[in-house]
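This one's a predicted model, so the numbers in the text were calculated from it and none came from an experiment. Both backbone and side-chain heavy atoms feed into the values below; hydrogens, waters and symmetry mates do not.
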Amino acid sequence: MEKSSLNIKSKEFSEIFEVKEGIPYFKTYLAGQWIGGDEWQEVVSPIDLNTIAKIPRLHWNQIDNTIDFIYKKGRWSIRDTPGEKRLKIYERMASLIDRFREDFINVLIINNGKTRASAEGEVNASIERLIRADLDVRQTKGDYVPGDWSSETLETEAVVRREPIGVVLAVVPFNYPLFDTVNKIVYTTVIGNAIIIKPPSSTPLPILMLAKVMELAGFPKDSFAVITLPGKDMNNVVADKRIQAISLTGSTETGEEVIKHAGIKQFIMELGGGDPAIVLVDADLVWAAQRIVTGIISYTGQRCDSVKLVLAEEEIYDNLKELIVKELAKSVKVGDPRDPSTTVGPVIDVKTADEWENAIKDAIEKGGKILFGGRRIGPTYIEPVLIEVTKESLKDMYFYNKEVFASAALLVKVKNVDEAIEISNGRRYGLDAAIFGKDINKIRKLQRFLEVGAIYINDYPRHGIGYFPFGGRKDSGIGREGIGYTIEYVTAYKSIIYNYKGKGIWEYL
């Protein structure tokens, strides 16, 4: 296998790194300045665990000064940029990402271990999200409230306006570094907030490249920054009173840790998931098997909306089991993501593969039976696994109680929708669910009782560009992401009351 290395060709990006002994040393962007470091963090490719770059490890004084500068100046620069100009900036960003498409695709393949199809999909979604920023604007309006509905407020009226909250911290996950950053930038800044981006330590490179795109597109230079700092050193940042809101996508454990230190702020948190797919007796089983398998193996299961639990009514259980196994055998080709024929690339690191392997052992010890896959092919390469388990043993299994961020699904036979609801709701997570079938009464019952944020009928869960809002219940998060919907969490209401008493404007009976 050819050694993994970056191949960034556009001259514009050459300004943000310097190659030393064959390794690019990237700068990071701090509110108008590209900054190197006296300490460096290694960036490793999951393809072969080769060091592909180094990024600065910032000190607190650098971050403190950056937050202060953005709080005092940058939050007003973006707010004082007219909305129509912000939309034009997003359009220019979309155009530049398209222009640098191959560089972004290659970096997502090398840094994330994505297949080319997955990397192309992320680039396309990022472009579309920027173009569709105009849809967010529809949710920026306020209200007019007449005062004549209370004797106390007669001859008054109010305008309720929505204002930018100020400075938003965006904590980005490793799995969709380009798209998730674009998404957070749009819904944060379209209303006029400044943004500080905390990239994932494992996959920061697409975000540093995006910062260059923002600069080239004319985004107010003092209104954004990218702080390269390990997550374990973020406590001072999340607790900073100058940051008024935190948008975080990551694990439930990370979300809990942030809330513990952050204090009183507004939160948008898209946390742990792993979704159930419920298959009814009248479902199109071939279609269901195809969609479920896609939901299991897409990006090696490293998606919060990945299918982790398949619940099938007993009448069709055996047929569905056979179809899913056949579809997995047909669809899965584990290998180097640079190979166009590969459908399943590596997981992000050795630790993730270790957890996946240990969870399989746990499931087998508790009576589970492997129906497909389950082999560890290399330090970061795994074969997606389907494990048959009984509903009696299910709730003690690691896979049921934890979100394992890799391709794995448990297959369970249920008597009816009531058992499916009980098993689905028994997990600590409540992100999405999928239902395959035609019986509207069963589907309606599932819709009513499933404790999740989104339900996909005859399809596998996927959030896409957020055209439809998504977000979890229980330990899966706080708030909603989606075009127009997240504006609520990065704005503040302000009521402006006008008193016209005695001015002769109203003549009430």
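One distance of note links CE of Met214 with OG of Ser223; it measures 9.0 Å at 0.5 Å rounding. We find the OG1-CH2 distance between Thr66 and Trp60 to be 10.0 Å, quoted to the nearest 0.5 Å. Remark: Thr491 OG1 to Ile191 CD1 distance equals 6.0 Å, nearest 0.5 Å.
The shortest side-chain heavy-atom distance between Pro173 and Asp180 falls under the 4.5 Å cut-off. Within the 4.5 Å cutoff, side-chain heavy atoms of Leu248 are placed close to those of Leu271. Val237 has its side chain out of reach of Ile196: every pair of non-hydrogen atoms, C-beta onward, lies at least 4.5 Å apart. For the pair Val190 and Ile487, the minimum side-chain heavy-atom distance is below 4.5 Å. Side chains of Val167 and Ile67 form no contact here, defined as non-hydrogen atoms less than 4.5 Å apart. Looking only at side-chain heavy atoms (C-beta outward), Ile259 and Ile478 come within less than 4.5 Å of each other. Taking the side chain as every heavy atom from C-beta outward, Leu135 and Tyr467 approach each other to under 4.5 Å. Looking at heavy atoms from C-beta onward, Leu108 lies out of side-chain contact with Thr203 at the 4.5 angstrom threshold.
Shown here for His261 and Val238, the closest heavy-atom pair between the two residues is CB-CG2, 3.9 Å. Residue Phe104 comes nearest to Val123 through the heavy atom pair CB-CG2, 3.9 Å, listed as atom of the first residue, atom of the second, then distance. Taking both residues in full, the closest heavy atoms of Gln244 and Lys241 are given as NE2-O, 3.7 Å, listed atom of the first, atom of the second, then distance. Nearest heavy atoms, Phe470 versus Glu270: CE1-CG, 3.9 Å. When all heavy atoms are compared, the tightest approach of Ile105 to Ala119 is O-CB, 3.8 Å. Considering all non-hydrogen atoms of both residues, Leu450 and Ser424 come closest at CD2-CB, 3.7 Å.
Within a 6.0 Å sphere centred on NZ of Lys265, other residues, nucleotides and ligands contribute more than 12 heavy atoms. The environment of OH in Tyr485 is sparse: at most 12 heavy-atom neighbours from other residues, nucleotides or ligands sit within 6.0 Å. Counting non-hydrogen atoms of other residues, nucleotides and ligands closer than 6.0 Å to OH of Tyr498 gives a total of 12 or fewer.
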Inset, instruction - Report the C-alpha separation of Ser306 and Tyr299 in whole Å, then their side-chain angles, then the decisive distance to 0.1 Å, and conclude whether the side chain to side chain donor-acceptor pair (under 3.5 Å) test is met. - result: CA-CA 9 Å; Ser306 176; Tyr299 190 35; over 6 Å; no
Inset, instruction - Could you walk me through whether Met209 and Phe100 pass side-chain contact (heavy atoms from CB on, under 4.5 Å), step by step? - result: CA-CA 10 Å; Met209 292 164 60; Phe100 304 138; over 6 Å; no
Legend entry - Derivation and outcome, salt bridge (Lys or Arg N to Asp or Glu O under 4.0 Å), residues Lys212 and Glu215: CA-CA 5 Å; Lys212 185 62 182 177; Glu215 185 183 47; 2.9 Å; yes
Legend entry - Pair Thr228-Phe26, side-chain contact (heavy atoms from CB on, under 4.5 Å): steps then yes or no: CA-CA 11 Å; Thr228 49; Phe26 278 77; over 6 Å; no
Legend entry - side-chain contact (heavy atoms from CB on, under 4.5 Å) between Ile78 and Phe219, worked out: CA-CA 8 Å; Ile78 183 66; Phe219 199 96; 3.9 Å; yes
Inset, instruction - Check step by step if side-chain contact (heavy atoms from CB on, under 4.5 Å) holds for Thr252 and Arg428. - result: CA-CA 10 Å; Thr252 297; Arg428 64 188 291 209; 3.4 Å; yes
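Within the 3.5 Å criterion, the main-chain N or O of Gly466 finds no donor-acceptor partner in the side chain of Asn183. Between the side chain of Ser14 and the backbone N or O of Lys11, at least one donor-acceptor pair lies under 3.5 Å. For the pair Tyr429 (side chain) and Glu403 (backbone), a donor-acceptor distance under 3.5 Å is present. Using modelled atom types, no side-chain atom of Gln266 and backbone atom of Ala245 make a donor-acceptor pair closer than 3.5 Å. The backbone N or O of Gly301 sits less than 3.5 Å from a side-chain atom of Ser407, completing a donor-acceptor pair. Asn425 places no side-chain N or O within 3.5 Å of a backbone atom of Val452 that could act as its donor or acceptor partner. Side chain of Arg132 to main chain of Ile465: no donor-acceptor pair is present (N/O by atom type, distance under 3.5 Å, no hydrogens or angles). A distance-only check finds no donor-acceptor pair linking the side chain of Trp149 to the backbone of Pro146 [under 3.5 Å]. With Ser95 contributing its side chain and Glu91 its backbone, the two residues share no donor-acceptor pair below 3.5 Å. Panel note: side chain Lys308, backbone Tyr400; no donor-acceptor pair is recorded below 3.5 Å.
At a threshold of 4.0 Å, the pair Lys395-Glu422 counts as salt-bridged, since one of the basic side-chain nitrogens sits closer than that to a carboxylate oxygen. Salt bridge absent: Asp103 and Arg101 never bring a charged side-chain N and a carboxylate O closer than 4.0 Å. We find that Glu253 and Lys402 are joined by a salt bridge, their nearest charged nitrogen and carboxylate oxygen being less than 4.0 Å apart. Under 4.0 Å is where a charged nitrogen must lie from a carboxylate oxygen, and between Arg480 and Glu488 no such pair does. Residues Glu257 and Lys260 are paired through a salt bridge, judged by an N-O separation under 4.0 Å between the basic side chain and the carboxylate. In this structure, Lys72 does not pair ionically with Asp222, as no charged nitrogen and carboxylate oxygen lie closer than 4.0 Å. Salt-bridge check for Glu120 with Arg116: passed, with a basic side-chain N closer than 4.0 Å to an acidic carboxylate O. Arg291 has a carboxylate O that lies under 4.0 Å from a charged side-chain N of Asp459, or vice versa, which qualifies the two as a salt bridge.
Inspection of the Thr254 and Ser251 side chains reveals an N or O donor paired with an N or O acceptor under 3.5 Å. Between the side chains of Tyr176 and Arg303, at least one donor N or O sits under 3.5 Å from an acceptor N or O. Checked by atom type, the side-chain pair Tyr460/Asp275 shows no donor-acceptor distance below 3.5 Å. Under the 3.5 Å distance criterion, with hydrogens and angles disregarded, a donor-acceptor pair is assigned to the side chains of Tyr187 and Ser247. For the residue pair Thr352/Asp349, the side-chain donor-acceptor check at 3.5 Å is satisfied.
Sequence neighbours left out, not one pair with a member in residues 185-204 passes salt bridge (Lys or Arg N to Asp or Glu O under 4.0 Å). Residues in residues 431-450 take part in these side chain to side chain donor-acceptor pair (under 3.5 Å) pairs, two or more places apart or across chains: Glu313-Lys442, Asp418-Lys445, Asp432-His463. Among residues at least two apart or in separate chains, salt bridge (Lys or Arg N to Asp or Glu O under 4.0 Å) pairs with a member in residues 136-159 are Arg129-Asp136.
Just one residue in the list Val226, Leu208, Leu229 forms a side chain to side chain contact (heavy atoms under 4.5 Å, CB included) with Ile55, and that residue is Leu208.
Remark: Arg75 is positioned above the aromatic ring of Tyr71, its terminal NZ or CZ atom under 6.0 angstrom from the ring centre and at most 45 degrees off the axis.
Classification of the Phe224-Tyr29 ring pair by plane angle, with boundaries at 30° and 60°, yields parallel.
Residues Phe436 and Trp287 keep their aromatic ring centres 6.0 Å or farther apart.
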